[in-house]
Amino acid sequence: MRVSSVSGTGNTVSNPVIPGFYPDPSVCRAGEDYYLVCSSFEYFPGVPVFHSRDLVHWTQIGNALDRPSQLRLPLDTPASGGIYAPTLRYRDGRFWLIVTNVSGDGNLLFTATDPAGPWSEPIRLPGVHGIDPDLAWDDDGTCWCTTAGVGQVRIDPHTGETFGPSRRLWSGTPGAKAPEAPHLYRIGDYWYLLIAEGGTERCHGVSIARGHTPTGPFEPCPANPILTHRGTDHPIQNTGHADLVQGPDGSWWMVLLGVRPGGGTPGWHVLGRETFLVPVDWVDGWPVVGELSSVMPAPSWPLRPDDVVPEGRDDFDASELAPHWISLRHRSAEECTTRERPGRLTLRARGGSLDDTDVTFVGRRQQHPSCRVRTSVDAAEGQGGLAVRLDERHHYAVEVASGQVRVRARIGPLNTAVASRPTPPGPVVLRIEVSAVDTVHDARTGPDTVSIGMEEPDGTFVELASLDGRYLSTEVAGGFTGRVIGMYASAGSVHFDWFEYEPLDR
Ligand code: 6LW
């Protein structure tokens, strides 16, 4: 099963083009194909890789870092630690991926001939300091690595060797914090240095400078920031961390991250930072970013979605898990397998609960403001269930153990059993239903309601708890991720027959 992103209909397409927690997009073109990667933080496998032929429909084709030798996330990797902000580039028939593991290994470079994998073992870059590394090649093959700050060092991408100290290139707009996410491009007569600044929260923005060489000096665009939604009531906020790409017709486009806050004030976003697409024009040698909206005019070229049916149900019939399934920090065949009982996902507890960093968990991103998630669980040999999580300190779960179905809520320091109900032996269907608010009644209205419970054998939903979703938002929990909904085992072995995710958006 592979999951494709959603598109619009007719003459419009919908944004985000990749909904859910898929931040820090970096995109490249190889012939008629486009590939895009995102940050993945404490989740394993890491760095999701997407494919598209039209920039609008994206299908996840793999995860670049899918082996422990590529992605080492120690057990004490905090939520929102781990893998930050990759850059993906295509050159000489090879794909180049550079990324930071902030929880140990620092900056790492990987290559592949097929972006679906396998990707190489990591090439270490001990001489490259700072997050958000970018790769750009001069005409003579010199390779420049530019990082947040904004600094630059020449590297040999084959060995990871650096030459000379890092040089400061540009500090962004005076007074703006966090110049980061640099991408350096040769376009026409200039080298362009694209950055994000203002921080990844409501003040986020995109700025650009240009120069005649990849090492500068760089002249800032008089119209900076060329994109920001700061201080507006636009439904898409925190817009920044962008990358540029040319469409099939030669037109220019930008992928970037943004969030969709819901509810009253200050607005809570629960799906994390998502990937959006926006057109770009060039005027007097500067990019002018078009309007970013949730429904945008379709591009002028024919839409060519991949031949993949977006599927929300997994019966666990395949021997390997599809690439959208993610675990926490690592995943081993002993603790997570579809081979032990074919047609079932078996999770074996490492020992931890959802409050701990070593819980056995397999989930997928919540990608729609409203959705229904169901799973059939057999916990006769253990304890586990279905959870919606932001991190170890912010999650709601419905769990089966010892003949009881129990709802638990963890909100920061508070950890509460909310409701419980006896259940007869045998598998039970658990359900979590998220409903985004339609109407903001007053300034305190939350972004959504999370309804949690189980099903009677005839499918009737028995709601055990209805909880305010704001406590599972980034504005409450902090960090860089978004909601992930999935299955877990906190004791013994727990078997899941199927898992179903259904978008409920109107
Ligand atoms: C990333 C930085 C950012 O490294 O957030 O929004 C950080 N931008 O560029 C983590 O995603």
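We use all heavy atoms of the structure for the numbers below, so side chains are in, but hydrogens, waters and symmetry mates are not. Order of listing sets the numbers, starting from 1, for every ligand and every atom in it.
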Inset, instruction - Identify the protein heavy atom lying closest to atom 5 (O) of ligand 1, giving its residue, its atom name and the separation to 0.1 Å. - result: Arg273 NH1, 3.1 Å

Tell me which donor-acceptor pairs under 3.5 Å the side chains of residues 78-90 have, and how far apart each pair is, sequence neighbours excluded?
unit_1: Ser80; atom_1: OG; unit_2: Phe480; atom_2: N; d: 2.8
unit_1: Tyr84; atom_1: OH; unit_2: Ser80; atom_2: O; d: 3.2
unit_1: Thr87; atom_1: OG1; unit_2: Pro133; atom_2: O; d: 2.7
unit_1: Arg89; atom_1: NH1; unit_2: Val27; atom_2: O; d: 3.2
unit_1: Arg89; atom_1: NH1; unit_2: Asp243; atom_2: OD2; d: 3.1
unit_1: Arg89; atom_1: NH2; unit_2: His183; atom_2: ND1; d: 3.4
unit_1: Arg89; atom_1: NH2; unit_2: Asp243; atom_2: OD1; d: 3.0

Inset, instruction - Can you pull out the closest protein heavy atom to atom 1 (C) of ligand 1? Residue, atom name and distance to 0.1 Å, please. - result: Asp132 OD1, 3.5 Å

Legend entry - Atoms in ligand 1 flagged as close to Ala85, the criterion being non-hydrogen separation under 4.0 Å: 4 (O)

Legend entry - Salt bridge present between Arg72 and Asp105 (N-O < 4.0 angstrom): yes

Legend entry - Cation over ring face, Arg91 and Trp96, 6.0 Å, 45°: no

Legend entry - Chi angles and distances behind the side-chain hydrogen bond (donor to acceptor under 3.5 Å, both in side chains) call for Ser251, Trp253: CA-CA 7 Å; Ser251 58; Trp253 296 76; 2.9 Å; yes

Legend entry - Asp92 and Arg94 ion-paired at < 4.0 Å: no

Inset, instruction - Answer with side chain, backbone, both or neither: which part of Leu257 has a heavy atom less than 4.0 angstrom from an atom of ligand 1? - result: side chain

Inset, instruction - Indicate yes or no: does an N/O atom of Tyr84 lie under 3.5 Å from an N/O atom of ligand 1? - result: no

Inset, instruction - Report the nearest protein non-hydrogen atom to atom 6 (O) of ligand 1: residue, atom name, distance rounded to 0.1 Å. - result: Thr200 OG1, 2.7 Å

Inset, instruction - Would you check the N or O atoms of Ser39, main chain and side chain alike, for any that come under 3.5 Å of an N or O of ligand 1? - result: no

Legend entry - Nearest neighbour in protein (non-hydrogen) for atom 3 (C) of ligand 1: Glu180 OE2, 3.5 Å

Legend entry - Partner set under ring-ring contact (aromatic ring centres under 6.0 Å, His included) for Tyr185, not counting sequence neighbours: none

Inset, instruction - List every atom of ligand 1 that sits less than 4.0 Å from any heavy atom of Phe41, numbering the atoms from 1 in the order shown and giving each element. - result: 10 (C), 11 (O)

Legend entry - Taking every non-hydrogen atom, the tightest pair across Ser52 and His57: OG-O, 2.7 Å

Inset, instruction - Would you mind listing which atoms of ligand 1 come within a distance below 4.0 Å of any non-hydrogen atom of Ile131? - result: 4 (O)

